[in-house]
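Here's the structure, in structure tokens; my notes come after.
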Amino acid sequence: MKKLPPVLEGQEFPAAESTKKGVTTKTFDVTSAVKKNIETLNLDYVVAIGGDDTLSYAAELDRQGVKVIAVPKTMDNDVRNTEYCIGFSTAVTRAMDAIDRQRTTVGSHERIGVFACSDATPLYGALHRLRHLLAVLHPGV
């Protein structure tokens with residue numbers, strides 16, 4: 001955490017400094033406060049839903065004895081050691097729907113459509129969308 005929230009200000013936490021592109025950042029490790037809140041709330045488990053950053057911190061909590069259930073969720077399907085992420089199917093479906101909606105417009109003008117989609121890891125999602133696009137343009141292939 002780069003800046004302490006008001007409720008934690010004035011407390012002492014381990015901090016690490018890092019420099020990237022000439023900018024020095026101080027990051028606080030507030031794990032002790034997180035564990036105290038989990039204990040105060042009498043939680044049996046923490047359910048962590050997210051990508052690499054969220055799940056990396058959840059793994060750290062697990063190493064420190066917190067019972068954690070991790071659910072990978074990214075539109076890029078790029079969380080290590082997982083087969084599937086929540087959000088990937090939605091991203092691919094939305095892209096395919098957009099391509100489908102433009103098909104008649106592009107076809108009626110006898111044009112070629114170029115579609116761009118943004119991904120952190122573009123190849124995997126792009127291959128799924130390309131497969132769909134080819135099926136739309138060439139049914140039966």
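Below, all heavy atoms of this structure are taken into account, side chains as well, without hydrogens, waters or symmetry copies. Residue numbers count from 1 along this sequence.
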Please report the C-alpha distance between I49 and T54 in whole Å, then the side-chain angles of each, then the deciding distance to 0.1 Å, and finally whether the side chain to side chain contact (heavy atoms under 4.5 Å, CB included) criterion is met. CA-CA 7 Å; I49 304 171; T54 300; over 6 Å; no
Got a sec, which residues hit salt bridge (Lys or Arg N to Asp or Glu O under 4.0 Å) with R101, two or more places apart in sequence or on another chain? none
Check L8 against A33 and note the closest heavy-atom contact, atom names and distance. CD2-CB, 3.9 Å
For E9, does the CD atom have more than 12 heavy-atom neighbours from other residues, nucleotides or ligands under 6.0 Å away? yes
Quick check on the hydrophobic clustering: are Y57 and L41 connected, directly or via other members, by side-chain heavy-atom contacts under 4.5 Å? yes
How close do A70 and L55 get, counting heavy atoms only, and between which atoms? CB-CD2, 3.7 Å
Indicate the atoms forming the closest heavy-atom contact of F13 with F28, along with that distance. O-CD2, 4.3 Å
Do we see a donor-acceptor contact under 3.5 Å between the side chains of T25 and S18? no
Going from OG on S32 to CG on N37, what distance comes out if it is rounded to the nearest 0.5 angstrom? 9.5 Å
Pairs flagged by salt bridge (Lys or Arg N to Asp or Glu O under 4.0 Å) wherever residues 57-72 is involved - sequence neighbours left out: E60-R63
